[in-house]
Amino acid sequence: MRKLTLSGHGEGDEEMVERGTANTKMKEKNKVTSKSINRRLIDWRGVRGKGQGAGKSGSNSSSDQPVAMAVHLRLSAGRSKFEFQVKKNFANFSPKWAAVRCSDSAPSRRRYTITLLPGDGIGPEIVSVAKNVLELAGSIEGIEFGFKEMPIGGAALDVAGVPLPEETLSVAKESDAVLLGAIGGYKWDNNEKQLKPETGLLQLRAGLKVFANLRPATVLPQLVDASTLKKEVAEGVDLMVVRELTGGIYFGRPRGFTTNDNGEKTGFNTEVYSSSEVDRIARVGFETARKRHGKLCSVDKANVLEASMLWRERVTEISSEYPDVELTHMYVDNAAMQLLRYPKQFDTIVTNNIFGDILSDEASMITGSIGMLPSASLGESGPGLFEPIHGSAPDIAGQDKANPLATVLSVAMLLRYGLGEGKAAERIETAVLETLNKGFRTGDIYSAGNKLVGCKEMGEQVLKAVDSRVQC
Ligand SMILES: NC(=O)c1ccc[n+]([C@@H]2O[C@H](COP(=O)([O-])OP(=O)(O)OC[C@H]3O[C@@H](n4cnc5c(N)ncnc54)[C@H](O)[C@@H]3O)[C@@H](O)[C@H]2O)c1
Ligand SMILES: CC(C)[C@H](C(=O)O)[C@@H](O)C(=O)O
């Protein structure tokens, strides 16, 4: 199988031809209807904290904790294939006191294969914590996991010479869900394009066809003081960025380097979207908004860019399928400003690949830290990809300073959206809130009066909180 390659040197390039052919095939394949999206993404419900009111659907968390996770979205029926390609001795991976419990009382045991991609920098530290939490919450709910750890990014470059070895992609494709830490680091920053860790991540997203990236940004009541915004601005913020993930300027052709008429080196990229690509992400945006508070803001740059003009045209067209959702449009420069001025005006934002990348990082700081924000990337079929939105944080790697909660919450998204295991997901989210209620804080979310802990200790505390809620 030939891998999708990402670098190029302009028109006529072989890789561009390959991409062009793929695009034509995609056009035929990607006639995504709201029915088919509903098949995969059903029952999205806003879950609000105490005193914040229920979501539009009227659902409330069953927990009595001040749950304020932005949106809970459940996948339809569980997976049908439970093959275990990988046999592992789970005892070696379990946290020291987390034995499998309640197995007799669990209605049925389910098994899933998870691909772990720790990656670089803080990636291995945070994935190790999240894996333990996943295993414990799963065991309590009668779920067994088979894990296969594979290299990606700089770690893969070091062992295999490429940022996404073919085996990593095929193992990921065969699994039920993929958990990624982060990729990248100083060591590989000056590598040529094809040999950058980031290229491996983009190849993974393209290979898994995960076009819809959900990035919830919720200001938890416990962390309102960690926000860099004033309390009255940050308090109660609960928004979801729906980012298109496999198109736009990240993947558009032509791209590359050339020399202009003055003999100067130039670099160029192409922002390109087809109608079907916009339509399918727009529908995910509308479905998300419909299950939250019924407000969708489409962010573009339609005053300047043709790709954004098409984006706005298609989103407006698709809105006729969702008369119950209030659609607004905003230019990205204004959206960046409005996020800081009055973030509570946003419910669901749908936007392209690059604007979503930037706006979700911006939104993360409203919540206190980028170390808190999880994400789920989903396609029409196949395994989802779950990762924190932050990077490999090389400045703190190996120092036990990383906040593992974004990855722990990504594991909750994996359970809910990737496997349809909502109870286990809720167990983890509640445990995170309890841990914060007890005052445990990593450095990035620390404020006076709380207990400063490292990555490992934070993980141990979340495990204790998961464990304390066992009811056999
Ligand atoms: N999905 C990914 O794997 C991903 C995402 C973004 C950046 N990157 C890569 O990561 C590398 C570093 O990029 P960057 O510095 O621009 O962004 P970054 O997100 O890695 O770090 C930005 C800042 O946030 C802090 N930070 C990030 N995550 C944290 C956590 N969990 N706990 C505490 N603090 C945290 C870092 O210490 C740093 O000060 C680059 O190679 C970049 O390409 C990877
Ligand atoms: C590392 C990079 C390729 C990636 C992106 O731009 O999508 C990152 O910023 C992210 O948000 O996951």
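Residues: numbered from 1 along the sequence shown. Just so it is clear, the values below take in all heavy atoms, side chains as well, and ignore hydrogens, waters and symmetry mates. One-based numbering, in listed order, for ligands and for the atoms of each. Keep in mind that what you see is a predicted model, and the values were worked out from it rather than measured.
Between K301 and D333 there is a salt bridge, with a side-chain nitrogen of the basic residue lying less than 4.0 Å from a carboxylate oxygen of the acidic one. Using a 4.0 Å cut-off between charged side-chain N and carboxylate O, D158 and K187 make a salt bridge.
When side chains are defined from C-beta on, I183 counts as touching E198, because their heavy atoms get closer than 4.5 Å. Considering only heavy atoms from C-beta on, F145 comes within 4.5 Å of L419 through its side chain. Using a 4.5 Å cut-off on side-chain heavy atoms (C-beta onward), W311 and V350 make contact.
Selection from A182, G184, S392 by nearest heavy atom to atom 10 (O) of ligand 1 gives S392. Taking each of I126, L204, I370, D189 in turn, the one with a heavy atom nearest to atom 26 (N) of ligand 1 proves to be I370. With distances taken over non-hydrogen atoms, the option nearest atom 7 (O) of ligand 2 out of K196, H390, R205 is R205. The residue among G391, C455, P197 with a heavy atom at the shortest distance from atom 4 (C) of ligand 1 is G391. The residue from I183, N403, L373 that puts a heavy atom closest to atom 30 (C) of ligand 1 is N403.
When only interatomic distances are considered, the shortest N/O to N/O separation between K401 and ligand 1 does not fall below 3.5 Å. Considering backbone and side-chain atoms alike, G371 places every N or O at 3.5 Å or more from each N or O of ligand 1. Of the polar atoms of I389, none of the N or O atoms is found under 3.5 Å from an N or O of ligand 1, judged by distance alone.
Within the 4.0 angstrom cut-off, atom 22 (C) of ligand 1 has no protein heavy-atom neighbours. When distances from atom 39 (O) of ligand 1 to the protein are checked, a heavy atom turns up under 4.0 Å. Checking atom 18 (P) of ligand 1 against the protein gives a heavy-atom contact under 4.0 Å.
Heavy-atom contacts from other residues, nucleotides or ligands closer than 6.0 Å to NZ of K451 number more than 12. Residue E167 places its CD atom among 12 or fewer non-hydrogen atoms of other residues, nucleotides or ligands, all under 6.0 Å distant. Other residues, nucleotides and ligands place more than 12 heavy atoms under 6.0 Å from the CG atom of D395. Annotation for K344: atom NZ counts as buried by contact number, over 12 foreign heavy atoms lying within 6.0 Å.
Considering only non-hydrogen protein atoms, atom 28 (N) of ligand 1 sits nearest to H390 CG, 3.2 Å. For atom 6 (O) of ligand 2, the closest heavy atom belonging to the protein is Y250 OH, 2.6 Å. Nearest to atom 20 (O) of ligand 1 among the protein's heavy atoms is A393 N, 2.8 Å. From the protein, the heavy atom lying nearest to atom 34 (N) of ligand 1 is I396 CD1, 3.6 Å. Ranking the protein heavy atoms by distance from atom 1 (C) of ligand 2 puts E198 CG, 3.7 Å first. In terms of protein heavy atoms, atom 12 (C) of ligand 1 is closest to P394 CD, 3.5 Å. D395 OD1, 3.4 Å is the protein heavy atom nearest to atom 36 (C) of ligand 1.
Going from atom OH of Y342 over to atom CG of L229 covers 13.5 Å, rounded to the nearest 0.5 Å. To the nearest 0.5 Å, atoms OH (Y331) and CZ (R312) are separated by 4.5 Å. In this structure, S308 OG and H329 NE2 are separated by 11.5 Å, a value rounded to the nearest 0.5 Å. One finds the CG atom of N353 at 7.5 Å from the CZ atom of R205 (value rounded to the nearest 0.5 Å).
Side chain of N352 to backbone of G248: no donor-acceptor contact under 3.5 angstrom is found. Distance alone, capped at 3.5 Å, is enough to place a donor-acceptor pair between the D120 side chain and the G154 backbone.
Listed by number with element, the atoms of ligand 1 under 4.0 Å from a non-hydrogen atom of G185 are 41 (O). In the vicinity of E387, heavy-atom distances shorter than 4.0 Å reach the ligand 1 atoms 1 (N). Taking a cut-off of under 4.0 Å to the non-hydrogen atoms of A402, the atoms of ligand 1 that pass are 32 (N). Those atoms of ligand 2 with a heavy atom of R215 less than 4.0 angstrom away are 10 (C), 11 (O), 12 (O). Short contacts between ligand 1 and E198, defined as distances under 4.0 Å to a heavy atom of the residue, involve ligand atoms 40 (C), 41 (O), 42 (C), 43 (O). Heavy-atom proximity to D357, at under 4.0 Å, picks out these atoms of ligand 2: 5 (C), 6 (O), 8 (C), 9 (O), 10 (C), 11 (O). Each of the atoms 1 (N), 2 (C), 3 (O) of ligand 1 lies under 4.0 Å from some heavy atom of L201.
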